[in-house]
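Working notes, beginning with the structure itself.
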2 protein chains.
Amino acid sequence: MLPVKKTKQKIIMQAALELFAEQGFHDAPMSQLAEQAQVGVGSVYRYFKDKNELIEKLYFEVDEALQMAIIKNVDQTLSTRQQFLQLITNLIHFLRDHPHEFKFLEQYYHSPFGIDKKREKLLLENGANQKNPFMQLFFSDKTKAVKTLPGPVLHALAFGPVLFLLRDAMAGLVELDDALIEHMAKGCWDAIRISTAGPAQ
Amino acid sequence: MLPVKKTKQKIIMQAALELFAEQGFHDAPMSQLAEQAQVGVGSVYRYFKDKNELIEKLYFEVDEALQMAIIKNVDQTLSTRQQFLQLITNLIHFLRDHPHEFKFLEQYYHSPFGIDKKREKLLLENGANQKNPFMQLFFSDKTKAVKTLPGPVLHALAFGPVLFLLRDAMAGLVELDDALIEHMAKGCWDAIRISTAGPAQ
DNA sequence: TCAAGCGGAATGAACATTCCGTCCAAAATA
DNA sequence: TATTTTGGACGGAATGTTCATTCCGCTTGA
């Protein structure tokens, strides 16, 4: 019985992810969600107290998957630059290949939920105590390859362009091929690295 | 009579800007909007066909103000780098000092309105025909100081970090002082400039 | 006197959430 | 083993609320 329960909950969450991504939280009625999941409206409320709880649980799941994807294949023995490029590339690949997850997260972070969540995260994780793999990398950068800048600025320089370009890609304005992704990753690196002599390493 | 009309319309739009920015389109009922503008609900509909039209007109106005602010004090005889830094700085200053406008635009671009608007803009303005001052600058860069990359990538590298940092600032996670802004602008420049020899110019 | 401008009650639609009757698998009973 | 009981899982109709929008009578300046 437990596995059945789990399965139905998963089905509902999957349907919710798609619907929320495509129509937005506000334009995705519970009735339509139930229909898409091939389930009665009442059943949705068996697994989730209300719409908010559904959104929160979905966020937890999606965020976890993203975190896993980002740190995949990152070899800590490599240079800061190499690690950075791998992280960025992972991030782009995951989000490009999971448009529903991307759109969901975008919405989540732009809703009242997200603002609080973000503040919460930042207050919890200060300095070296960061869970964010990018921040960890910057903080442990013994080779001094990265500019000495406030955390949020580094964060913005590294992440901002990626999210921006992904939005364009989702809207069908760009084709995100591997060459483009490489350019992006290197551009982000140039933004945060200390530029000494010669072209980027 | 015209000036009176105009004034009342302006009052409504101002109230709408604040309310939309603070509560979001969906959580800003027309009744509350009317209250804030000290106007009857019915009167709002005298000036705007419906809520959507109000949002669209607001967008037009806000976007216009932003465009004006961005190109302020940009001296076309200066180097590409100098012009770029000025543009970025203008952008940050305007949005930092106009949080309502910033939040409104963020929402607009993340709503169904915005997606279409963006596609529309991009399809209309191809290549050298760009209205976007950043794109114009990149396109007319005879000194070859800027990387040769697809438009959307340059756009992302230049804009992405700025918007990202501004979001943090609005959430009260960073204090956006002048030093920080300068770091940001230079970081963005590093991301798109061709790195030859020595530190960034 | 009479429009044009206005305010706000009234209307209707869209939802989130609740409620309740049905179904069914498995435990209890004979 | 055959029959009955039971309780959780379900579906979807019913409910109550929250708006956007409309309608209508009042006010006021010409």
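Hydrogens, waters and symmetry mates play no part in the numbers below; they use all other heavy atoms, side chains included. Protein chains get the first letters and strands the later ones, always in sequence-line order, with residue 1 at the start of each.
- In this structure, B:His93 has no side chain to side chain donor-acceptor pair (under 3.5 Å) partners at least two apart in sequence or on a different chain.
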Would you give me the side-chain donor-acceptor pairs under 3.5 Å for residues 27-45 of chain A, sequence neighbours excluded?
from	atom 1	to	atom 2	distance (Å)
A:Gln32	OE1	A:Gln23	NE2	3.2
A:Gln32	NE2	A:Gln23	OE1	3.0
A:Gln36	NE2	A:Glu18	OE1	3.0

Ignoring hydrogens and angles, write down the donor-acceptor pairs under 3.5 Å from the side chains of residues 145-160 of chain A, residues two or more places apart or on other chains.
from	atom 1	to	atom 2	distance (Å)
A:Lys147	NZ	A:Ala191	O	2.9
A:Lys147	NZ	B:Asp190	OD2	2.8
A:His155	NE2	A:Asn132	ND2	2.9

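- Among residues two or more places apart in sequence or in another chain, the side chain to side chain donor-acceptor pair (under 3.5 Å) test is passed with B:Asp141 by B:Thr80, B:Thr143.
- Remark: C1' of C:dG7 and CD1 of B:Ile12 are 12 Å apart, rounded to the nearest angstrom.
- Among pairs with a residue in residues 60-79 of chain B, none fulfils ring-ring contact (aromatic ring centres under 6.0 Å, His included), at least two apart in sequence or across chains.
- If one axis is set at each end of the helix from C:dT1-D:dA30 to C:dA30-D:dT1 from five pairs, those axes are 20° apart, to 10°.
- Considering only residues two or more places apart in sequence or on other chains, B:Lys186 meets the side chain to side chain donor-acceptor pair (under 3.5 Å) condition with B:Glu182.
- Considering only side-chain N and O atoms, A:Ser43 lies under 4.0 angstrom from the phosphate OP1 or OP2 of D:dG11.
- Summarising the geometry, the separation between CD on A:Gln9 and P on D:dC10 is reported as 11 Å, rounded to the nearest angstrom.
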5' to 3', nucleotides 13-18 of chain C under a 4.0 Å protein heavy-atom cut-off (B base, S sugar-phosphate only, - none) gives --SSBB
When the side chains of residues 65-76 of chain B are checked against the rest of the protein, which donor-acceptor pairs come out under 3.5 Å, sequence neighbours left out?
from	atom 1	to	atom 2	distance (Å)
B:Gln67	NE2	B:Asp63	OD1	3.4
B:Asp75	OD1	B:Thr77	N	2.8
B:Asp75	OD1	B:Thr77	OG1	2.7
B:Asp75	OD2	B:Thr77	OG1	3.1

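- A salt bridge between A:Lys57 and A:Glu61 is absent, with no side-chain N of the basic residue lying under 4.0 Å from a carboxylate O of the acidic one.
- In this structure, A:Tyr47 reaches the D:dC10 phosphate: one of its side-chain N or O atoms is under 4.0 Å from OP1 or OP2.
- Atom CD of A:Gln32 and atom P of D:dG12 are 16 Å apart (whole Å).
- Put simply, CZ on A:Arg46 is 11 Å from C1' on D:dG7, counting in whole angstrom units.
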